[in-house]
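Reminder, nothing fancy here: chain letters follow the sequence lines and each chain counts from 1. Atoms considered below: every heavy atom in the structure, side chains included; atoms not considered: hydrogens, waters and symmetry mates.
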Number of protein chains: 2
Amino acid sequence: MATRGGRSRAAVSALDPVPFALDRTSPVPLYYQLAQQLEAAIEQGALAPGDLLGNEVDLSTRLGLSRPTVRQAIQSLVDKGLLVRRRGVGTQVVHSQVRRPLELSSLYDDLEAAGQGPATQVVRNERVPAPADVAAALGVPEGAEVVRLERLRSTHGQPVALLCNYLPAGLLELDSARLESTGLYQLLRASGITLHSARQTVGARCADAAEAARLEEREGAALLTMRRTAYDDTGRPVEYGTHVYRASRYSFDFQLLVRP
Amino acid sequence: MATRGGRSRAAVSALDPVPFALDRTSPVPLYYQLAQQLEAAIEQGALAPGDLLGNEVDLSTRLGLSRPTVRQAIQSLVDKGLLVRRRGVGTQVVHSQVRRPLELSSLYDDLEAAGQGPATQVVRNERVPAPADVAAALGVPEGAEVVRLERLRSTHGQPVALLCNYLPAGLLELDSARLESTGLYQLLRASGITLHSARQTVGARCADAAEAARLEEREGAALLTMRRTAYDDTGRPVEYGTHVYRASRYSFDFQLLVRP
DNA sequence: CAGTGGTCTAGACCACAGA
DNA sequence: CTGTGGTCTAGACCACTGA
């Protein structure tokens with residue numbers, strides 16, 4: 001079967017029948033529009049695992065874009081772990097169905113996404129002088145005023161976690177009522193604070209009598225512990241927290257990507 | 001004070017006195033050479049937190065590179081969380097001293113990096129039919145032959161973790177002697193398998209009698225549990241493992257980056 | 001060998017921040 | 001207003017892969 005006109009005889013791509021609609025009048029960058037549509041095609045199965053994407057040069061002429069723009073779109077999906085590039089071979093959809101990107105996990109978001117209908121009880125919301133560990137984590141002098149937050153998180157009427165957080169004073173107004181209806185991280189985002197990175201330590205220990213009582217566990221039950229310092233996009237610490245979770249009802253679930 | 005010649009009156013950059021040596025004959029990409037030298041400058045304190053990098057156009061002319069190349073170098077450090085870009089402002093070094101990038105943590109590597117001199121005892125290294133959960137994780141039929149590995153990891157003569165791993169049969173030859181002198185992930189890398197991503201679940205529970213005996217803990221002691229499926233760069237599962245750690249002697253420590 | 005992604009160039013225009 | 005990063009173009013040459 002002859003190919004029509006002067007079209008190059010490139011290998012067929014599973015992408016060929018996929019229509020792309022790029023809107024040059026949109027404020028959304030072209031590479032981003034393309035990345036979204038590629039991701040949708042993968043998500044919906046138009047591109048199956050192992051399928052070749054077709055070479056970048058053809059793709060760019062077909063779309064009326066320059067090659068760097070197409071590369072930028074593809075690269076963003078490679079970074080997400082959806083595609084793999086192989087020199088001399090092509091770009092393929094990865095074989096596994098891994099999806100969820102690594103995120104700064106917020107327990108509230110996690111539970112909400114899991115449809116667990118989280119409820120929060122604010123136990124403490126007060127200003128206190130910073131203890132040594134808190135001061136070190138937040139980068140403030142020891143004894144400086146910080147906000148101390150203590151919350152009990154539940155799902156289905158059962159306690160799940162005991163959350164203790166410290167924030168620099170004056171960072172934002174923390175209304176207890178709003179804290180009970182939404183997560184701390186959502187409040188931070190709503191205040192224009194964009195979280196950027198966090199350092200976490202996850203461990204385990206047995207519940208003491210007080211924790212057991214709060215969490216409705218027996219004394220000595222296994223607890224997951226998490227200590228985290230979160231930073232905004234300038235690298236300034238905005239939150240330090242020590243959390244304990246009932247191991248019988250919660251675990252951390254996340255995906256790692258290895259950068260070459 | 002007048003500026004000499006036609007030089008633009010750009011804001012002074014902390015980068016000005018930093019010498020850069022780019023080798024165009026090297027096989028190392030220029031953007032990568034630049035990124036490494038920028039990172040070194042940050043690491044060594046030549047660029048302090050909050051310092052401006054100087055604008056990209058000046059930088060590229062000073063270095064004799066095109067702007068996209070310089071951007072690529074800077075972008076890689078932004079991705080690492082070392083720099084922040086602000087439109088209309090400039091590129092700054094982040095304020096916090098966070099360093100360690102998120103990696104696919106290998107316990108052996110972790111312990112070695114911490115100077116703990118890990119020792120490994122291979123308890124089992126055999127081929128078995130895949131149980132249901134293993135088959136599902138590795139994407140093989142239930143009952144298909146897989147390699148089952150059981151190891152006891154110790155530091156300072158004290159047991160730390162009990163590691164149970166499954167790998168597809170035929171993926172590579174696992175020599176027990178080599179497994180005792182190095183980590184599983186190092187052996188995978190040495191076999192040309194490049195790990196790409198992993199899905200992890202971290203939880204906790206109390207030690208049963210058998211685990212307590214192996215790990216030299218009392219029965220009921222808190223244990224950290226980790227279940228992980230690791231994928232290579234084509235997205236194919238290459239390893240599934242369930243590990244338990246003595247919580248009294250080990251915790252997970254990692255850094256998250258939020259992608260906008 | 002031909003085809004692929006990897007890198008690089010030298011410009012361009014735009015949107016946004018801050019004085 | 002000026003200076004910044006954000007996006008985009010239309011080419012170029014190279015290194016690697018696999019037939």
Side-chain angles (χ1 to χ4, degrees), chain A residues 3 7-13 15 22-36 51-79 83-93 192 194 233-234 259-260, chain B residues 3 7-13 15 22-36 51-79 83-93 192 194 233-234 259-260:
Chain A
T3 56
R7 292 289 282 273
S8 74
R9 51 192 174 82
V12 278
S13 157
L15 208 58
L22 298 173
D23 177 6
R24 300 190 91 102
T25 70
S26 160
V28 179
L30 292 173
Y31 79 89
Y32 193 80
Q33 294 183 37
L34 177 55
Q36 281 187 317
D51 277 358
L52 281 170
L53 216 63
N55 77 62
E56 297 173 351
V57 182
D58 277 8
L59 197 52
S60 54
T61 60
R62 257 186 54 197
L63 297 172
L65 296 173
S66 71
R67 187 181 164 208
T69 303
V70 172
R71 269 186 73 79
Q72 194 175 359
I74 292 176
Q75 187 59 46
S76 70
L77 297 185
V78 171
D79 288 344
L83 298 176
V84 202
R85 289 198 220 248
R86 298 177 170 284
R87 207 198 301 238
V89 178
T91 304
Q92 291 175 298
V93 180
T194 48
D233 54 3
T234 72
R259 311 197 137 276
Chain B
T3 56
R7 291 289 283 272
S8 75
R9 49 192 175 83
V12 277
S13 156
L15 208 57
L22 298 173
D23 177 6
R24 301 191 91 103
T25 70
S26 161
V28 179
L30 292 172
Y31 79 89
Y32 194 79
Q33 294 184 36
L34 177 54
Q36 281 187 317
D51 278 357
L52 281 170
L53 217 61
N55 77 61
E56 297 173 352
V57 182
D58 277 9
L59 198 52
S60 54
T61 60
R62 257 185 53 197
L63 297 172
L65 296 174
S66 71
R67 187 181 163 207
T69 303
V70 171
R71 269 186 73 78
Q72 193 175 359
I74 292 176
Q75 187 59 48
S76 70
L77 297 185
V78 171
D79 288 344
L83 298 176
V84 202
R85 290 198 221 247
R86 300 178 169 284
R87 206 189 322 227
V89 178
T91 303
Q92 292 175 297
V93 180
T194 49
D233 53 5
T234 73
R259 308 197 140 277

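Between the side chains of B:Q92 and B:R85, no donor-acceptor pair of N or O atoms lies under 3.5 Å.
Using a 4.0 Å cut-off, some side-chain N or O of B:R85 falls inside it from OP1 or OP2 of D:dG6. Dashed line: the shortest gap from a side-chain N or O of B:T91 to OP1 or OP2 of D:dG5 is under 4.0 Å. B:T69 has no side-chain polar atom (N or O) that falls below the 4.0 Å cut-off from OP1 or OP2 of C:dT7. For the pair A:N55 and C:dG3, the criterion of a side-chain N or O lying under 4.0 Å from OP1 or OP2 is not met.
D:dT4 atom P lies 6 Å from atom CG of B:D58, rounded to whole Å. At whole-Å resolution of the value, CG in B:L63 and C1' in C:dC8 are 14 Å apart. Atom CD in B:Q72 sits about 15 Å away from atom P in D:dG6, given to the nearest Å. Going from atom CG of A:L52 over to atom C1' of C:dG3 covers 12 Å, rounded to whole Å.
Shown here are the side-chain contact (heavy atoms from CB on, under 4.5 Å) partners of A:T61, two or more places apart in sequence or in another chain: there are none. Judged as a side-chain hydrogen bond (donor to acceptor under 3.5 Å, both in side chains), and not counting sequence neighbours, the contacts of A:R71 are A:E56. In this structure A:R87 satisfies the salt bridge (Lys or Arg N to Asp or Glu O under 4.0 Å) test with no other residue, sequence neighbours excluded.
If you check every strand for non-hydrogen atoms under 4.0 Å, A:R86 touches sugar and phosphate atoms only.
Residues of residues 22-34 of chain B that place a heavy atom closer than 4.0 Å to DNA chain D do not occur.
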Ignoring hydrogens and angles, write down the donor-acceptor pairs under 3.5 Å from the side chains of residues 29-36 of chain B, residues two or more places apart or on other chains.
residue: B:Q33; atom: OE1; partner: B:D23; partner atom: N; Å: 2.8
residue: B:Q33; atom: NE2; partner: B:D23; partner atom: O; Å: 2.9
residue: B:Q33; atom: NE2; partner: B:V28; partner atom: O; Å: 2.9

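Mapping B:Q75 and A:V89 onto DNA chain D by nearest heavy atom places B:Q75 at the nucleotide closer to the 5' end.
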Close N/O contacts between protein and nucleotides 10-15 of chain C (under 3.5 Å):
residue: C:dA12; atom: N6; partner: B:R67; partner atom: NH1; Å: 3.3

